[in-house]
Protein chains: 2
Amino acid sequence: MTAESLSKERLRLWLRMLRVTRQVESELRERLRTEHDSTLPRFDVMAALYAAEEGLKMNELSKRLRVSNGNVTGIIDRLVEDGAVERIAIEGDRRATRVCLTSAGRESFRAMAVEHERWINALFEGVTEEDAHHIGELLHRLPAAPHDASLS
Amino acid sequence: MTAESLSKERLRLWLRMLRVTRQVESELRERLRTEHDSTLPRFDVMAALYAAEEGLKMNELSKRLRVSNGNVTGIIDRLVEDGAVERIAIEGDRRATRVCLTSAGRESFRAMAVEHERWINALFEGVTEEDAHHIGELLHRLPAAPHDASLS
DNA sequence: TATAAACTTTTTAAGCTTAAAGTATTTTCC
DNA sequence: GGAAAATACTTTAAGCTTAAAAAGTTTATA
């Protein structure tokens with residue numbers, strides 16, 4: 001195979017991945033909106049906080065989700081308004097704040113997470129366990145393989 | 001395998017796809033910005049217009065890119081400002097407009113497209129032609145497989 | 001031919017996203 | 001101790017994104 005055709009094949013693969021990912025994101029966004037009055041970014045933030053027993057600092061959240069600092073500030077602002085999250089001062093460092101789910105936030109997340117997994121399972125109906133495993137392996141060879149295992 | 005573990009495996013696959021896709025998008029966005037003073041949405045729109053000899057109506061563009069009408073309006077507004085695109089009245093239907101790349105727009109897109117393919121090829125360096133082909137096939141089983149071949 | 005329905009696009013309001021600049025605080029190190 | 005650098009976060013400006021509403025135009029139909 002020529003380098004030419006390899007390059008084209010990789011480009012095709014990328015476009016296909018992009019299309020599938022956008023479609024799934026769009027479905028998730030729609031359902032979070034209509035069924036939970038929420039959004040995908042909010043869900044992502046809440047998932048990260050749910051997994052962290054003691055909450056996270058803003059910059060940890062930002063690193064973990066790979067989004068900008070300012071972006072996290074805005075999303076947290078809104079989650080605080082909604083009563084799902086609280087900012088807690090950190091002893092001995094007045095620059096930073098720790099962010100935690102409130103118990104209402106935890107409850108709300110649990111409800112979304114159960115459905116989220118159901119939605120994904122349905123959307124990926126055509127994918128067998130073997131397929132999933134196989135694609136997963138191949139994805140490791142793609143960019144952004146988790147250099148930091150804690151982020152994957 | 002239990003339905004339980006299949007569901008978990010699919011969820012893991014989704015999260016991995018999402019991570020890879022976001023990483024690649026982030027790289028592309030960064031390079032379009034620094035090297036071409038452009039953005040990914042602009043690139044997508046220009047790609048669609050480049051492929052359409054006679055340009056496209058706004059709603060065709062919107063359908064093809066799977067983004068909202070209002071979104072397309074804004075992107076086209078900015079491309080028109082930049083002189084990359086022009087709106088052309090359609091004979092016999094004063095509701096619609098046809099949108100075309102200007103020759104400056106075509107030239108600018110060509111330059112970006114060449115590099116874009118190079119970037120993807122480098123980012124997907126670890127993927128052989130076989131892999132690419134294989135994942136591509138599997139992706140057909142995922143949601144949003146092109147029901148309309150003209151959109152893939 | 002009216003007028004209702006459908007279509008095409010833009011506008012609006014709200015939120016997400018980034019990079020860059022700004023503010024405050026802590027750490028480094030001379 | 002004090003200046004400089006690093007760190008943590010927020011603000012700002014610009015653009016992307018959506019859903020819903022609005023405005024104008026065309027088509028269907030009664």
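Lettering follows sequence order; numbering is per chain, from 1.
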Is there a side-chain contact between [X] and the phosphate of [N], meaning an N or O under 4.0 Å from OP1 or OP2?
| X | N | value |
| --- | --- | --- |
| Arg33(B) | dT17(C) | no |
| Lys57(A) | dC9(D) | no |
| Thr97(A) | dA8(D) | no |
| Arg66(B) | dT18(D) | no |
| Arg94(A) | dT26(C) | yes |
| Arg42(A) | dC16(C) | yes |
| Thr73(B) | dT11(C) | no |
| Asn59(B) | dT9(C) | yes |

Can you measure from [atom1] ([X]) to [atom2] ([Y]) and round to the nearest 0.5 angstrom?
| X | Y | atom1 | atom2 | value |
| --- | --- | --- | --- | --- |
| Glu27(B) | Arg29(B) | CD | CZ | 10.5 Å |
| Ser108(A) | Phe43(A) | OG | CZ | 10.0 Å |
| Leu61(A) | Ile75(A) | CG | CD1 | 8.5 Å |

Next item on the list: Assess whether atom CD of Glu107(A) is packed by more than 12 heavy atoms of other residues, nucleotides or ligands within 6.0 Å.
Entry: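 Incorrect, the count does not exceed 12.
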Item checked: Flag if over 12 foreign heavy atoms under 6.0 Å of CD, Glu125(A) ->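 Atom CD in Glu125(A) is not packed in, count stays at 12 or less.
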Once you apply a heavy-atom cut-off of 4.0 Å, does [X] come out as touching a base, just sugar-phosphate, or nothing?
| X | value |
| --- | --- |
| Asn69(A) | base |
| Ile75(A) | sugar-phosphate |
| Ser62(A) | nothing |
| Val72(B) | nothing |
| Glu60(A) | nothing |
| Arg98(B) | nothing |

Rounded to whole angstrom units, what separation is found between the [atom1] atom of [X] and the [atom2] atom of [N]?
| X | N | atom1 | atom2 | answer |
| --- | --- | --- | --- | --- |
| Arg78(A) | dT10(D) | CZ | C1' | 13 Å |
| Arg64(B) | dT8(C) | CZ | P | 15 Å |
| Asp44(B) | dT17(D) | CG | P | 8 Å |
| Leu40(B) | dT17(D) | CG | P | 8 Å |
| Gln23(B) | dT18(C) | CD | P | 12 Å |

Check: Mapping Arg29(A) and Asn71(A) onto DNA chain D by nearest heavy atom, which one lands closer to the 5' end?
Finding: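 The answer here is Asn71(A).
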Check: Taking the nucleotide of DNA chain D with the closest heavy atom to each, which residue, Met58(A) or Asp93(B), is nearer the 5' end?
Finding: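 The 5'-side residue here is Met58(A).
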Next item on the list: Using only heavy-atom distances, decide whether a donor-acceptor pair under 3.5 angstrom links the side-chain of Arg95(A) to the base of dC9(D).
Entry: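 Flag unset: no donor-acceptor pair detected.
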Check: Will you find, in the side chains of Asp131(B) and Thr128(B), an N or O donor that is under 3.5 Å from an N or O acceptor?
Finding: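 Thr128(B) and Asp131(B) do have a side-chain donor-acceptor pair below 3.5 Å.
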